[in-house]
*Asks:* 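Pasting a structure below so you can have a look.
Hydrogens, waters and symmetry mates are skipped; everything else that's a heavy atom, side chains included, is used. Each chain gets a letter, A, B and so on, in the order its sequence line appears, and its residues count up from 1.
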Number of protein chains: 2
Amino acid sequence: MARVGRREEILAIACRLFSQKGYHGTTIRDISEACGILSGSLYAHINTKEDLLFEITDRGAEAFLGSLEPIVKSGKTASQKLREAVKAHMHVIEANLEAATVFFHEWKALTGDRYEQIRKKRDSYERLWAAILEEGIKSGEFKQLDEKLARLLVLSVANWTYQWYRPGGKLKADEVADRFVEMILIGFQA
Amino acid sequence: MARVGRREEILAIACRLFSQKGYHGTTIRDISEACGILSGSLYAHINTKEDLLFEITDRGAEAFLGSLEPIVKSGKTASQKLREAVKAHMHVIEANLEAATVFFHEWKALTGDRYEQIRKKRDSYERLWAAILEEGIKSGEFKQLDEKLARLLVLSVANWTYQWYRPGGKLKADEVADRFVEMILIGFQA
DNA sequence: CCTACCGATCGGTAGG
DNA sequence: CCTACCGATCGGTAGG
């Protein structure tokens with residue numbers, strides 16, 4: 001029989017496996033065996049393998065969007081917003097490293113409408129960052145940067161985090177974010 | 001019969017497909033059909049599917065290493081080295097976008113010794129960047145940065161490029177590199 | 001490079 | 001959630 005909370009357990013296991021071996025590199029049997037059930041039994045909980053990928057990536061997208069929206073809407077300065085945005089982004093990755101890895105690395109394996117849904121949410125997320133940078137450039141708080149390139153720089157740093165950050169290392173996500181923002185704001189040059 | 005240059009053609013086609021659909025998402029039949037031959041015929045040119053992935057990623061690794069080594073060894077200032085290093089990195093990506101995508105996105109699908117070989121070359125590449133940053137920090141040319149975090153920042157920007165850069169866009173790789181380095185050196189803050 | 005094929009495994013289903 | 005299974009496809013091979 002279907003256990004209560006079993007679906008969440010399956011999602012967590014699929015998330016771990018997708019993050020380690022990729023979506024196409026993970027089989028239904030990999031997931032079911034890690035759950036301690038047979039492959040056919042998985043279909044009491046899901047309809048297709050892609051359901052798992054979509055739910056993982058969609059939750060990821062919502063986590064990033066939900067953490068950034070209030071920051072953009074706040075009345076703080078662009079520098080403060082930038083700092084908090086990077087922190088929020090790092091926090092989402094820290095709290096859901098496997099899901100973040102799947103979100104960044106595997107979302108293109110989605111097909112059709114689901115691919116489009118996630119693509120749109122990624123676009124929305126980028127627009128929120130654009131708003132912060134545009135504000136800082138317009139107000140004179142930042143230099144006269146090319147907004148798109150400045151955004152690409154910040155998002156590169158933020159998005160690459162899942163590739164190297166491991167919870168339990170020397171630095172907490174919060175400290176990493178602070179140091180990155182400091183370097184971005186004041187530059188390397190002495 | 002095996003055509004002259006056929007192997008290079010197969011590599012280029014595999015590279016394109018791996019970059020579009022991922023290594024595990026691409027089948028031997030996808031590759032052979034794109035070549036206009038049958039799947040079994042592919043094995044007149046290769047031994048395994050993983051051979052293709054290894055050759056693509058290994059060439060990628062060599063391209064990055066080969067372009068950075070002379071810059072690190074040159075007698076220029078750390079800032080100049082940093083600028084040229086970012087440019088060289090972007091040039092490699094620009095000239096081999098599909099291979100770069102496979103190199104960054106699919107190398108973890110390699111197994112055993114081949115995984116280790118590429119991992120080591122990636123480590124070597126990072127050490128070359130570390131040398132530039134250490135030099136700049138030690139000489140006082142850069143601020144007293146945490147070398148590892150500074151390196152992560154620069155490499156995040158450089159490595160993320162394959163995700164968004166498309167040749168034929170408004171900016172050439174060289175200009176993008178220049179602007180990124182400028183922002184990294186002098187910062188956003190007005 | 002083709003013909004012809006192999007065993008293994010894939011995602012998924014019917015019925016209980 | 002198991003038993004039992006499906007057709008399709010996978011990477012790869014033997015022989016020419």
*Asks:* Take nucleotides 10-16 of chain D nucleotide by nucleotide from the 5' end and write B, S or -, depending on whether a protein heavy atom sits under 4.0 Å from the base, only from the sugar-phosphate, or from neither.
*Replies:* BBBB---
*Asks:* Hey, does the side chain of Q80(B) reach the backbone of T77(B) with a donor-acceptor pair shorter than 3.5 angstrom?
*Replies:*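 Yes; at least one donor-acceptor contact below 3.5 Å.
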*Asks:* Given the rule in the side-chain contact (heavy atoms from CB on, under 4.5 Å) test, do L171(B) and R179(B) qualify, once you have shown the distances and angles that lead to the verdict?
*Replies:* CA-CA 10 Å; L171(B) 291 174; R179(B) 305 249 203 131; 3.9 Å; yes
*Asks:* Could you pull out all residues at least two apart from E147(A) that satisfy side-chain hydrogen bond (donor to acceptor under 3.5 Å, both in side chains)?
*Replies:*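 Per chain and number, E147(A) pairs via side-chain hydrogen bond (donor to acceptor under 3.5 Å, both in side chains) with R151(A).
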*Asks:* Where do E141(A) and S79(A) land on the side-chain hydrogen bond (donor to acceptor under 3.5 Å, both in side chains) test, with the steps shown first?
*Replies:* CA-CA 8 Å; E141(A) 199 178 336; S79(A) 300; 2.7 Å; yes
*Asks:* Of all of residues 107-116 of chain B, which get a heavy atom below 4.0 angstrom from DNA chain D, listed by number?
*Replies:*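 Here the set is empty: none.
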*Asks:* Excluding sequence neighbours, so at least two apart, what forms ring pair (Phe, Tyr, Trp, His ring centres under 6.0 Å) with F54(A)?
*Replies:*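 Partners of F54(A) by the ring pair (Phe, Tyr, Trp, His ring centres under 6.0 Å) criterion come out as none, since no residue qualifies.
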*Asks:* Measure from the side-chain N and O atoms of K143(A) to the backbone N and O of G187(B), and report whether any donor-acceptor pair falls under 3.5 Å.
*Replies:*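 Checked: pair present.
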*Asks:* Check DNA chain D against residues 7-17 of chain B and give the residues with a non-hydrogen atom under 4.0 Å, in numerical order.
*Replies:*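 Heavy-atom contacts with DNA chain D come from no residue of residues 7-17 of chain B; none.
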*Asks:* Before we go on, tell me: are the rings of F64(A) and F103(A) under 6.0 Å apart, centre to centre?
*Replies:*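 For F64(A) and F103(A), the ring centres are under 6.0 Å apart.
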*Asks:* Rounded off to whole Å, could you give me the CD-to-P distance for the E33(A) and dC2(D) pair?
*Replies:*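 Rounding to the nearest Å, CD of E33(A) and P of dC2(D) are 12 Å apart.
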*Asks:* Mind checking whether Y115(A) and W107(A) have parallel, tilted or perpendicular rings, split at 30° and 60°?
*Replies:*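 Parallel: the ring planes of Y115(A) and W107(A) meet at under 30°.
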*Asks:* Check for me whether K108(B) meets the cation-pi criterion with Y23(B), that is, NZ or CZ under 6.0 Å from the six-membered ring centre and within 45 degrees of the ring axis.
*Replies:*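 No.
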*Asks:* Tell me the interatomic distance from L42(A), atom CG, to dC1(D), atom C1', rounded to whole angstroms.
*Replies:*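 Atom CG in L42(A) sits about 11 Å away from atom C1' in dC1(D).
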*Asks:* Is L38(B) touching bases, backbone alone, or none of the nucleic acid, heavy atoms closer than 4.0 Å?
*Replies:*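 Base, at least one base heavy atom under 4.0 Å.
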*Asks:* Do the charged groups of E8(A) and R59(A) touch, with an N to O distance under 4.0 Å?
*Replies:*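 A salt bridge is present here (some side-chain N lies under 4.0 Å from a carboxylate O).
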*Asks:* Please report the distance, rounded to the nearest Å, between NZ in K21(B) and P in dT9(D).
*Replies:*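 Atom-to-atom, K21(B) to dT9(D), this comes out as 12 Å.
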*Asks:* What does the 5'-to-3' dot-bracket notation of DNA chain D look like when only Watson-Crick and G-U wobble pairs under 3.5 Å count, and pairs to other strands show as |?
*Replies:* ||||||||||||||||
*Asks:* If you measure from CG on L152(A) to CG on N159(A), what distance do you get to the nearest 0.5 Å?
*Replies:*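 Going from the CG atom of L152(A) to the CG atom of N159(A) covers 10.0 Å.
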*Asks:* Checking salt bridge (charged side-chain N to carboxylate O under 4.0 Å, His left out) between D123(B) and each of R127(B), K121(B), K120(B), R119(B), which is the one that passes?
*Replies:*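 Of the listed residues R127(B), K121(B), K120(B), R119(B), the salt bridge (charged side-chain N to carboxylate O under 4.0 Å, His left out) partner of D123(B) is R119(B).
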*Asks:* Hey, what do you get for CD1 (I71(A)) to NZ (K87(A)), rounding to the nearest 0.5 Å?
*Replies:*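 Going from the CD1 atom of I71(A) to the NZ atom of K87(A) covers 10.5 Å.
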